[in-house]
> 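Structure provided below as structure tokens; questions to follow.
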Amino acid sequence: MKILKFIFLYFVLELISTIYLSDKLGFWVIFVEIIISALIGGAILLYTKLSFLETLGEFALNRTDPMEFIKGNLSKIFGAILLILPGVLGDIIGLVILINAYFFMVGKSKKINSGDRYSGAFGHQNEIIDVEIEEIKQIKGKK
């Protein structure tokens, strides 16, 4: 029952903020803002869908924490949906969620990739070794 009160309060605040800004800025400004934010939200949803397989691969190789994986992707999807829905308040909340999600994921990916160890597919810690193969050049040089 509390969630229904929260949703009702959100829609009332959304309606009030949209009407107020429409009165101050004009109908066409709000109309263009709604269209542009919907297009941006759709693009973010498509990008999240395309990058989901990449992050799923990192998750399968134990390179990301399961909670980071869930928080990052769900917050991107929720923020994009708020951008798609018409209204000024939803757009502001959606932008805040998306900015938080992108900074959260970028900060975590730097921590994961900056180490000199990574977890393999079975959870073993392996050192990354940079090797150049020059044996083939030496064998060809002797013949």
Side-chain angles (χ1 to χ4, degrees), residues 1-140:
M1 195 64 177
K2 286 184 179 182
I3 190 96
L4 291 176
K5 288 180 183 178
F6 178 74
I7 291 173
F8 179 74
L9 178 66
Y10 168 75
F11 282 123
V12 168
L13 289 175
E14 182 76 60
L15 184 64
I16 290 171
S17 65
T18 303
I19 290 172
Y20 178 77
L21 285 175
S22 178
D23 183 45
K24 294 294 179 188
L25 299 175
F27 170 76
W28 290 108
V29 173
I30 297 299
F31 180 74
V32 168
E33 184 271 333
I34 289 172
I35 297 298
I36 289 174
S37 68
L39 291 174
I40 291 171
I44 291 172
L45 256 175
L46 286 175
Y47 173 75
T48 303
K49 180 183 173 185
L50 294 175
S51 69
F52 182 76
L53 291 176
E54 179 181 324
T55 55
L56 186 63
E58 290 179 6
F59 174 69
L61 293 173
N62 292 330
R63 293 183 184 170
T64 24
D65 185 35
M67 287 308 292
E68 294 172 14
F69 174 73
I70 292 170
K71 285 179 187 176
N73 286 314
L74 285 182
S75 58
K76 286 180 190 177
I77 291 170
F78 186 64
I81 289 173
L82 283 176
L83 281 178
I84 291 172
L85 294 175
V88 178
L89 186 63
D91 292 344
I92 293 170
I93 294 171
L95 281 175
V96 168
I97 290 172
L98 284 170
I99 290 170
N100 187 22
Y102 281 108
F103 283 124
F104 179 75
M105 292 299 285
V106 167
K108 295 297 181 183
S109 66
K110 286 182 182 176
K111 288 181 183 176
I112 292 168
N113 293 333
S114 66
D116 59 343
R117 295 180 172 269
Y118 72 97
S119 296
F122 299 106
H124 300 289
Q125 294 289 330
N126 299 324
E127 291 187 18
I128 298 175
I129 301 172
D130 187 20
V131 178
E132 293 181 21
I133 301 175
E134 295 194 20
E135 293 179 20
I136 295 174
K137 293 178 186 176
Q138 292 175 356
I139 292 173
K140 286 183 181 179

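In this chain, numbering begins with 1 at the start of the sequence shown.
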> Tell me the closest heavy-atom pair linking Ser75 and Ala101, and the distance in Å.
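Minimum heavy-atom separation between Ser75 and Ala101: OG-CB, 3.1 Å.
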> Taking ring pair (Phe, Tyr, Trp, His ring centres under 6.0 Å) as the definition, give me every residue that meets it alongside Phe6, ordered by chain and number, with sequence neighbours left out.
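Not a single residue meets the ring pair (Phe, Tyr, Trp, His ring centres under 6.0 Å) criterion with Phe6.
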> Just so I know, are the side chains of Leu45 and Ile77 near enough to count as touching, which here means a heavy-atom distance under 4.5 Å?
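When only atoms from C-beta onward are counted, Ile77 and Leu45 do touch, with a gap below 4.5 Å.
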> I'd like to check Phe11 versus Ile7 (side-chain heavy atoms, cut-off strictly below 4.5 Å). Are they in contact?
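Yes, at least one pair of side-chain atoms sits under 4.5 Å.
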> Give, for atom CD1 of Ile84 and atom CD1 of Ile44, the distance between the pair rounded to the nearest 0.5 Å.
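Output value for this atom pair is 9.0 Å.
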> How many angstroms lie between atom CD1 of Ile81 and atom NZ of Lys76, to the nearest 0.5 angstrom?
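Going from CD1 on Ile81 over to NZ on Lys76, the span is 14.0 Å.
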> How long is the gap from CG on Leu13 to OG1 on Thr18, to the nearest 0.5 Å?
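Reported value, rounded in 0.5 Å steps: 10.5 Å.
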> With rounding to the nearest 0.5 Å, note down the distance linking CD in Glu14 to CG in Leu82.
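Atom-to-atom, Glu14:CD and Leu82:CG are 8.5 Å apart.
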> Atom CG of Leu15 and atom OH of Tyr10: how far apart are they, to the nearest 0.5 Å?
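Going from the CG atom of Leu15 to the OH atom of Tyr10 covers 11.5 Å.
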> Which pair of heavy atoms, one from Leu89 and one from Ser17, lies closest together, and at what distance?
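It is CB-OG, 3.7 Å.
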> Compile the donor-acceptor pairs under 3.5 Å between side chains in residues 22-39 and protein atoms, sequence neighbours left out, one pair per line.
residue : atom : partner : partner atom : Å
Ser37   : OG   : Glu33   : O            : 3.0
Ser37   : OG   : Ile34   : O            : 3.0
Ser37   : OG   : Leu83   : O            : 3.3
Ser37   : OG   : Asp91   : OD1          : 3.4
Ser37   : OG   : Asp91   : OD2          : 3.1

> Checking Val88 against Tyr20 for the side-chain contact (heavy atoms from CB on, under 4.5 Å) test, could you report, in this order, the C-alpha distance in whole Å, the side-chain angles of both residues, the deciding distance, and whether it holds?
CA-CA 10 Å; Val88 178; Tyr20 178 77; over 6 Å; no
